[in-house]
Amino acid sequence: MPGDLVVPDTAHGVVVFAHGSGSSRLSPRNRYVAGALNKAGLGTLLFDLLTPQEEADRANVFDIALLAERLLERTRRLREQEDAAGLPIGYFGASTGAAAALWAAAEPDNAVSAIVSRGGRPDLAGPRLAAVRAPTLLIVGGRDPIVVKLNEEAQQRLSAESRITVVPGATHLFEEPGALETVAEHARNWFTTHFRSPA
């Protein structure tokens with residue numbers, strides 16, 4: 001499946017994006033965040049977890065195990081890339097992609113340095129949450145009360161360092177003025193801090 005990898009010359013980590021339902025590597029929201037991370041000296045990889053044919057079956061969109069396996073496969077391939085070899089890896093997940101990121105990060109042989117969830121559904125990672133070792137930032141919109149509650153409940157099951165950040169006035173897609181900029185700022189700070197700390 002196609003992907004877009006950007007690794008600045010002085011990158012100190014690479015963030016792999018896991019898109020949510022109905023989204024793709026061309027998502028303007030994720031591409032905006034990726035651009036902000038690139039400007040901060042972080043590498044990014046955007047790719048599609050599903051083919052267009054697979055996405056037509058809504059069951060695949062919520063098959064977290066399948067999405068996580070695709071993410072793991074691409075992570076393994078990323079570690080073999082010359083320009084990304086040896087760099088810390090993080091996950092940025094949105095919606096169901098956040099659950100896939102947490103599920104993949106729980107694999108014992110998958111050393112991930114940090115995770116950021118934007119409007120995510122970490123609850124869908126279920127029993128895998130307790131096995132996540134990577135510091136996790138859960139970003140939710142203040143006007144998305146159901147998802148706020150689901151994130152709070154999921155955080156209780158995380159044993160790793162975690163934080164919930166509520167963006168005031170933002171809805172699920174963070175389309176309000178300044179909301180996505182706030183997401184990008186929090187994500188940049190989280191990844192930068194944890195990429196430079198011992199894993």
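Residue numbers start at 1 and run along the sequence shown. Model, not experiment: these values are computed from the prediction.
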Flag yes if [X] and [Y] sit in one hydrophobic cluster, no otherwise; membership is Ile, Leu, Val, Met, Phe, Trp, Tyr, and two members link when side-chain heavy atoms are under 4.5 Å apart.
X	Y	result
Val6	Leu37	no
Phe47	Leu66	yes
Val166	Val147	yes
Leu173	Val148	no

Please report the closest heavy-atom contact between [X] and [Y], naming both atoms and the distance.
X	Y	answer
Ala65	Trp103	CB-CZ2, 3.8 Å
Ala184	Tyr32	CB-CE2, 4.0 Å
Ile115	Ala101	CD1-O, 4.4 Å
Gly43	Ala11	N-CB, 4.1 Å

Are any non-hydrogen side-chain atoms of [X] and [Y] less than 4.5 angstrom apart?
X	Y	value
Asp4	Leu45	no
Asp83	Leu5	yes
Leu71	Arg74	no
Val116	Thr136	no
Arg121	Asn151	no
Ile164	Ile139	no
Leu72	Asn110	yes
Asp144	Phe174	no

Determine, step by step, whether His172 and Arg143 satisfy the side chain to side chain contact (heavy atoms under 4.5 Å, CB included) criterion, reporting the C-alpha distance in whole Å, the side-chain angles of both residues, the deciding distance to 0.1 Å, and the verdict.
CA-CA 7 Å; His172 188 63; Arg143 292 170 58 196; over 6 Å; no
Specify whether Phe92 and Phe191 have parallel, tilted or perpendicular ring planes, treating 30° as the upper limit for parallel and 60° as the lower limit for perpendicular.
tilted
Test your reading of the model: is there a side-chain donor-acceptor pair from [X] to the backbone of [Y], 3.5 Å cut-off?
X	Y	result
Asp57	Ala59	yes
Arg133	Glu107	yes
Glu161	Ala134	no
Asn38	Leu42	yes
Ser113	Phe195	no

Nearest 0.5 Å, what's the [atom1]-[atom2] distance between [X] and [Y]?
X	Y	atom1	atom2	value
Asp63	Leu124	CG	CG	11.0 Å
Ser162	Arg157	OG	CZ	13.0 Å
Glu69	Ile64	CD	CD1	13.5 Å

Chi angles and distances behind the side chain to side chain contact (heavy atoms under 4.5 Å, CB included) call for Leu67, Asn60:
CA-CA 8 Å; Leu67 300 179; Asn60 289 328; over 6 Å; no
Flag the pair His194 / Trp190 as yes when their ring centroid distance falls below 6.0 Å, and as no otherwise.
yes
Run the side chain to side chain contact (heavy atoms under 4.5 Å, CB included) test on His12 and Leu87 for me, step by step, so that the C-alpha distance in whole Å, both residues' side-chain angles and the decisive distance to 0.1 Å come before the verdict.
CA-CA 6 Å; His12 45 273; Leu87 291 176; 5.6 Å; no
Judged by modelled atom types alone, do Thr75 and Tyr91 share a side-chain donor-acceptor pair under 3.5 Å?
yes
Asn30 and His19: side chain donor to acceptor below 3.5 Å:
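Their side chains do contain a donor-acceptor pair, which is all the 3.5 Å distance test asks for.
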Of Leu180, Thr44, Val15, the residue whose pairing with Val33 passes side chain to side chain contact (heavy atoms under 4.5 Å, CB included):
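With Val33 as partner, Leu180, Thr44, Val15 yield a single side chain to side chain contact (heavy atoms under 4.5 Å, CB included), made by Leu180.
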Test side chain to side chain contact (heavy atoms under 4.5 Å, CB included) applied to Gln155 and Leu129, Leu150, Leu138, Asp123, the passing residue:
Leu138
Cationic N near anionic O, under 4.0 Å, Glu73 to Arg79
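No salt bridge links Glu73 with Arg79.
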Are the charged groups of Lys149 and Glu153 less than 4.0 angstrom apart, N to O?
yes
More than 12 heavy atoms from other groups under 6.0 Å of CZ on Arg163
no
Worked check of side chain to side chain contact (heavy atoms under 4.5 Å, CB included) between Thr165 and Val140
CA-CA 6 Å; Thr165 294; Val140 290; over 6 Å; no
Salt bridge (charged side-chain N to carboxylate O under 4.0 Å, His left out), that's the test. Do Glu54 and Arg70 meet it? Break it down for me.
CA-CA 12 Å; Glu54 290 171 333; Arg70 296 284 172 82; 2.8 Å; yes
